[in-house]
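Residue numbers run from 1 in the order of the sequence given. Both ligands and their constituent atoms are indexed starting at 1 by order of listing.
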Amino acid sequence: MKNLKFNIWGIIAFSVIAFSCGSTEDPLPDVKIPEDKEDIKDEGVVAIPLKELFKDFFPIGAAVTPQQADPGTNHGVALQKHFSSITAENVMKPDALQRNKGFYTWEGADRIVQFAKSNNMKVRGHTLTWHSQTPDWMFYDQDGALLSKEIAMEQLKEHITTVVTRYKDDVYAWDVVNEALFDWDPNGVIVYREDSPWYKIFGESYIDSAFVFAHRADPNAKLFYNDYNSIFSWKRNKIYDLVKRLKDNNIPIHGVGLQGHWMVETSEQDIRTTLDLFRGLGVEIQITELDLPVYLSNTEPGSTVYTDTFSFRQKQAYSMIFNVLLDYSDIITGVTFWGIGDDHTWLDQPGRKAFPFLLDEELKPKPVYFEVQKLVQSRQ
Ligand code: G3I
């Protein structure tokens, strides 16, 4: 929150958004009978399912709740139709899987994995090591004091090994470490997020360890470092240095996840420069959390109506973004939206809907969808 210019939705909602997201404890939403969406059109053009549209380029994914991964719901039908990859929005995080030490709750994660297997979808695992959505016992003792390195390391190893081993045959890629780098520091002096309990206990070395533990548990899994604001110079250079250091030290890291919590005015040059930089690292790139709220800034008045202006902005922005991503499809091995459609997103606030996706609140293609479709077809 240091600077309004950079205070994009990728940052703000970490602390302030009222979430509509489901959890394993949430009651099941109303189950609607899915309608046939085959004939969805815009000016006579039939929508091509996203996974077909992008099949020559990269898998296309969505983050989901367990309740959405159900073929009996509209969400399940949209997932089957449009997506070839799936990520748990919350239920594979440490606090969801092991809220109490030694007691794992697999139900929500298993449900998503089972849905993916039944529908021939890839699964991206998110996330093994994070300062947020991690239970206190992983960091602190009963008196609230930070754990010793030995105990914390043993627990981290146990958690990663158990989770990765369980999903060894099902999860092809993991966000092993999430958001370890400091967000805003133009001089690059403060490299790591020093308020992270992981950093307080270990310094940076827990990052190396986490990748090693994940690799030992599943040598075939693709292992990613995942972060937001990663297209801005002050952050991308830190990511570059981190990944380079890991690779130079033979730590098993295979890719960088760029969380695409971008804006409608996101700079094409920032994305291209970032992709060029990471190309030089010889790692895969995945856009892991793509969403594009309709507002120009967080001071623009909120709306609950999707206006022509919003539509125009998204057409411009999404076309630009996918045009760039197609240019780099040799190194981009996946693009995942951080949700399915505009009905459910972490970005919504009361009276201020974000409308960040290609599918609307009824999970039907928006005009921007057809704009993207036109763009992709022109590139085939
Ligand atoms: O776990 C409780 C549950 O017990 C309770 O019933 C429910 C009632 O609202 O709240 C549940 O926790 C919420 C959780 O989502 C699951 O629904 C948290 O309050 C809420 O803060 C949490 O928000 C998630 C957020 O990460 C937390 O940081 C969002 O859904 C999720 O979209 C968001 O995802 C992150 C990525 O993991 C990392 N990158 C940034 C991205 C957006 O913040």
Side-chain angles (χ1 to χ4, degrees), residues 1 6-29 61-69 75 86-100 103-109 111-112 123-136 163 171 173-183 193 195-198 224-232 235 239 256-263 286-293 298 334-350 353-354 356-357:
M1 316 277 173
F6 301 110
N7 187 10
I8 67 166
W9 288 265
I11 310 172
I12 49 169
F14 278 80
S15 51
V16 297
I17 298 287
F19 294 96
S20 56
C21 308
S23 72
T24 45
E25 290 85 24
D26 292 339
L28 281 171
V64 302
T65 67
Q67 291 80 7
Q68 291 173 328
H75 293 101
I86 200 169
T87 301
E89 183 180 2
N90 285 298
V91 296
M92 283 192 183
K93 293 171 179 172
D95 70 343
L97 289 181
Q98 199 184 177
R99 179 160 300 205
N100 298 305
F103 294 94
Y104 284 87
T105 42
W106 303 110
E107 189 199 339
R111 199 158 143 184
I112 289 171
V123 184
R124 284 197 93 257
H126 174 86
T127 175
L128 297 170
T129 316
W130 194 18
H131 61 276
S132 177
Q133 287 181 285
T134 298
D136 280 353
V163 174
V171 172
W174 281 101
D175 290 332
V176 177
V177 177
N178 198 42
E179 301 171 9
L181 294 167
F182 187 54
D183 197 46
R193 186 189 286 268
D195 60 353
S196 160
W198 289 123
F224 283 76
Y225 174 74
N226 189 49
D227 214 329
Y228 64 92
N229 278 352
S230 27
I231 59 172
F232 298 122
K235 192 83 170 267
I239 297 175
V256 176
L258 309 180
Q259 297 180 13
H261 299 299
W262 292 334
M263 299 177 68
Q286 297 198 348
I287 312 302
T288 52
E289 305 184 14
L290 183 57
D291 49 24
L292 219 57
N298 60 358
V335 174
T336 292
F337 288 93
W338 204 240
I340 306 170
D342 287 346
D343 63 312
H344 172 95
T345 166
W346 71 295
L347 294 163
D348 278 352
Q349 299 177 49
K353 283 195 59 63
F357 300 119

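Distances below 4.0 Å separate heavy atoms of Trp130 from the following atoms of ligand 1: 28 (O), 37 (O), 38 (C). Here is the list of ligand 1 atoms found below 4.0 Å of a heavy atom in Gln259: 38 (C), 39 (N), 40 (C). Here is the list of ligand 1 atoms found below 4.0 Å of a heavy atom in Glu89: 29 (C), 30 (O), 31 (C), 32 (O).
Considering only non-hydrogen atoms, atom 40 (C) of ligand 1 lies nearest to Glu289 out of Glu289, Lys93, Gln133, Met92.
For the atom pair CG (Asp343) and CZ (Phe357), the distance works out to 9.0 Å, reported to the nearest 0.5 Å.
Residues Gln259 and Glu179 bring a donor and an acceptor atom of their side chains to less than 3.5 Å of each other.
The residue from Thr336, Asn226, Thr87, Asp175 that alone fulfils the side-chain hydrogen bond (donor to acceptor under 3.5 Å, both in side chains) condition with Arg124 is Asp175.
Considering both main-chain and side-chain atoms, Asn178 never comes within under 3.5 Å of ligand 1 through any nitrogen or oxygen pair. At least one N or O atom of His126, backbone or side chain, sits closer than 3.5 Å to an N or O atom of ligand 1. Remark: ligand 1 and Glu179 share an N or O pair separated by less than 3.5 Å (distance only, no angle test).
Residue Arg99 places a heavy atom less than 4.0 Å from ligand 1.
Using a distance-only test at 3.5 Å, with no hydrogens or angles considered, a donor-acceptor pair links the side chain of Lys353 to the main chain of Asp342.
Looking at every heavy atom in both residues, Trp338 comes nearest to Thr288 through CE3-O, 3.6 Å. Contact record, Pro66 with Arg111: O-NE, 3.4 Å, taken as the closest heavy-atom pair.
A salt bridge between Arg193 and Asp183 is absent, with no side-chain N of the basic residue lying under 4.0 Å from a carboxylate O of the acidic one.
Neither the backbone nor the side chain of Tyr228 comes within 4.0 Å of ligand 1, counting heavy atoms alone.
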